[in-house]
Q: 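Sharing a structure here in structure tokens format.
All heavy atoms count here, side chains included; hydrogens, waters and symmetry mates do not.
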Amino acid sequence: NFLVNGGATTSFTTTDDAISFNTGTVKLADGSNLTVTSAGGAIGINGGIRGTSDEDVSLSSTGGTTNTVSVGAIGSANEINTVGITGGTSITLNGNITTSDASGNTVTLTGPVILGAGVTIDTNNTTNDGTISLTSTVNGAQTLALDAGGADVSVGGVIGGTTGLSSLTVTSANNVSLNDIGDGDT
């Protein structure tokens with residue numbers, strides 16, 4: 001495991017170099033938000049990210065040669081508040097994303113999403129539900145479940161346009177906005 005326990009935002013920044021946490025889980029201590037920025041290098045956090053008390057996670061790879069982000073599960077119960085992932089080329093999800101019941105919890109995925117495993121994005125909480133926003137396409141022969149409770153869900157690109165999902169479920173949401181589903185020729 002990789003422990004981040006500074007009690008403040010911890011940042012990893014590089015240009016056109018990869019940032020990888022290949023084994024173990026990144027564990028964020030109380031107040032230790034995580035920001036990983038690579039201007040053109042791949043970001044890989046294969047063991048996932050866990051928090052302690054509503055930490056924020058920001059992962060961004062844009063503007064250079066390899067603009068990909070690959071991540072395992074993020075959060076469980078009241079661990080992670082806000083998740084923002086930007087991948088200019090792609091974002092590969094290999095685990096679930098769960099946000100805490102703190103005010104302002106959201107999940108925003110900016111860039112084409114590839115499902116590397118069955119994924120549930122859950123922002124449905126007892127008091128504070130969070131918006132789920134996927135700004136681009138979603139592909140991968142896996143299941144995708146979105147649960148925003150009383151908040152909104154939006155997907156800005158085609159779902160399954162290149163590789164069809166095995167299933168798409170919106171468990172609960174206030175408003176659901178989907179651009180398109182399927183490749184249009186079937």
Side-chain angles (χ1 to χ4, degrees), residues 1-125 128 130-136 138 140 142 144-147:
N1 292 326
F2 186 82
L3 305 176
V4 178
N5 57 10
T9 299
T10 299
S11 297
F12 297 90
T13 304
T14 186
T15 301
D16 272 336
D17 288 318
I19 300 174
S20 297
F21 301 90
N22 292 322
T23 59
T25 301
V26 175
K27 294 187 176 185
L28 308 177
D30 188 18
S32 297
N33 299 328
L34 178 65
T35 299
V36 180
T37 305
S38 177
I43 297 172
I45 305 179
N46 300 324
I49 303 168
R50 301 290 301 265
T52 304
S53 60
D54 311 317
E55 285 71 40
D56 295 334
V57 173
S58 174
L59 310 174
S60 178
S61 179
T62 61
T65 307
T66 306
N67 302 305
T68 61
V69 177
S70 178
V71 65
I74 300 175
S76 176
N78 279 320
E79 293 181 351
I80 301 295
N81 185 40
T82 301
V83 176
I85 303 175
T86 301
T89 302
S90 67
I91 300 165
T92 301
L93 300 179
N94 293 306
N96 299 332
I97 299 175
T98 304
T99 61
S100 70
D101 198 10
S103 177
N105 78 80
T106 60
V107 173
T108 304
L109 305 179
T110 305
V113 172
I114 300 168
L115 302 176
V119 172
T120 297
I121 300 175
D122 184 359
T123 61
N124 183 0
N125 295 291
N128 297 293
T131 300
I132 300 172
S133 175
L134 288 72
T135 67
S136 187
V138 180
Q142 304 288 340
L144 176 62
L146 306 172
D147 188 358

Q: Could you check whether any side-chain heavy atom of L93 comes within less than 4.5 Å of a side-chain heavy atom of L109, counting everything from C-beta outward?
A: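 Heavy-atom side-chain distance check passes, below 4.5 Å.
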Q: Are S61 and T66 side-chain neighbours, meaning at least one heavy-atom pair lies under 4.5 Å?
A: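 Side chain of S61 against side chain of T66, heavy atoms only: no contact under 4.5 Å found.
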Q: Within this structure, what is the CD1-CG distance for the pair I74 and N94, rounded to the nearest 0.5 Å?
A: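 So the gap between those two atoms works out to 10.5 Å.
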Q: How many angstroms lie between atom CG of N128 and atom CG of D54, to the nearest 0.5 angstrom?
A: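 The CG atom of N128 sits 9.5 Å away from the CG atom of D54.
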Q: Going from NZ on K27 to CD on E55, what distance comes out if it is rounded to the nearest 0.5 angstrom?
A: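 K27 NZ to E55 CD: 13.0 Å, rounded to 0.5 Å.
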Q: Measuring from N1:CG to T25:OG1, what's the distance to the nearest 0.5 Å?
A: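 The distance works out to 5.0 Å.
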Q: Can you check whether T89's main-chain N or O pairs, donor with acceptor, with N67's side chain at less than 3.5 Å?
A: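 Not a single qualifying donor-acceptor pair exists.
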Q: What are the two closest non-hydrogen atoms of D16 and T65, and how far apart are they?
A: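 The pair with the smallest heavy-atom distance is OD1-N, 3.0 Å.
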Q: Do N81 and N33 come close enough that some side-chain heavy atom pair is under 4.5 Å?
A: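 When only atoms from C-beta onward are counted, N33 and N81 do not touch, as no gap falls below 4.5 Å.
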Q: Looking only at non-hydrogen atoms, find the nearest pair between G88 and P112 and report the distance.
A: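 For G88 versus P112, the nearest heavy atoms are O-CD, 4.1 Å.
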Q: Can a donor-acceptor pair be found, under 3.5 Å and without considering hydrogens, that links the side chain of S90 to the backbone of V113?
A: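 Absent.
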Q: Nearest heavy-atom pair of I132 and T123: which atoms, and what distance?
A: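 I132 and T123 have their closest heavy atoms at CG1-OG1, 3.6 Å.
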Q: Say whether, by atom type as modelled, one donor and one acceptor occur between the side chain of T10 and the main chain of L34 under 3.5 angstrom.
A: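 Such a contact is absent between T10 side chain and L34 backbone.
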Q: To the nearest 0.5 Å, what is the distance between CG (D147) and OG1 (T120)?
A: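 That separation rounds to 8.5 Å.
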Q: I'd like to know if the side chain of N105 reaches the main chain of G130, judged simply by a donor and an acceptor atom lying under 3.5 Å from each other, with no hydrogens or angles considered.
A: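 Checked: pair present.
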Q: Going through the distances and angles, do I97 and V71 end up as a side-chain contact (heavy atoms from CB on, under 4.5 Å)?
A: CA-CA 10 Å; I97 299 175; V71 65; 5.8 Å; no
Q: Which pairs, with at least one residue in residues 14-51 and sequence neighbours excluded, count as a ring-ring contact (aromatic ring centres under 6.0 Å, His included)?
A: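 Pairs touching residues 14-51 that pass the test: F2-F21, F12-F21.
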Q: Any donor-acceptor pair under 3.5 Å linking the side chain of D122 with the backbone of T98?
A: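 No, because the side chain of D122 does not come within donor-acceptor range (under 3.5 Å) of the backbone of T98.
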Q: With distance as the sole criterion, is a donor-acceptor pair present between the side chains of S53 and D30 under 3.5 Å?
A: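 A pair is found: one side chain offers a donor N or O, the other an acceptor, under 3.5 Å apart.
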Q: Taking side-chain hydrogen bond (donor to acceptor under 3.5 Å, both in side chains) as the cut-off, I'd like each qualifying pair that reaches into residues 34-45, sequence neighbours left out, listed once.
A: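 Every pair satisfying side-chain hydrogen bond (donor to acceptor under 3.5 Å, both in side chains) with a residue in residues 34-45: there are none.
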Q: Knowing that exactly one of I45, T86, V83 qualifies, which makes a side-chain contact (heavy atoms from CB on, under 4.5 Å) with L59?
A: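 By the side-chain contact (heavy atoms from CB on, under 4.5 Å) criterion, L59 pairs with just one of I45, T86, V83: I45.
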Q: Among side-chain atoms of D101 and N125, is any donor-acceptor pair under 3.5 angstrom?
A: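 Judged by distance alone, the side chains do not pair up.
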Q: Considering non-hydrogen atoms only, spot the tightest contact between R50 and S76 and give its length.
A: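 Of all heavy-atom pairs spanning R50 and S76, the closest is NH2-CB, 3.5 Å.
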Q: Can you see which heavy atom on I91 is nearest to which on I85, and at what distance?
A: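 Between these two residues, the closest heavy atoms are CD1-O, 3.5 Å.
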Q: Ignoring hydrogens, what is the shortest heavy-atom contact between S32 and G7? Give both atom names and the distance.
A: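 That closest heavy-atom pairing would be OG-N, 2.8 Å.
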Q: Heavy-atom distance under 4.5 Å between the side chains of S11 and T9, does that happen here?
A: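 Yes. Closest side-chain heavy atoms under 4.5 Å.
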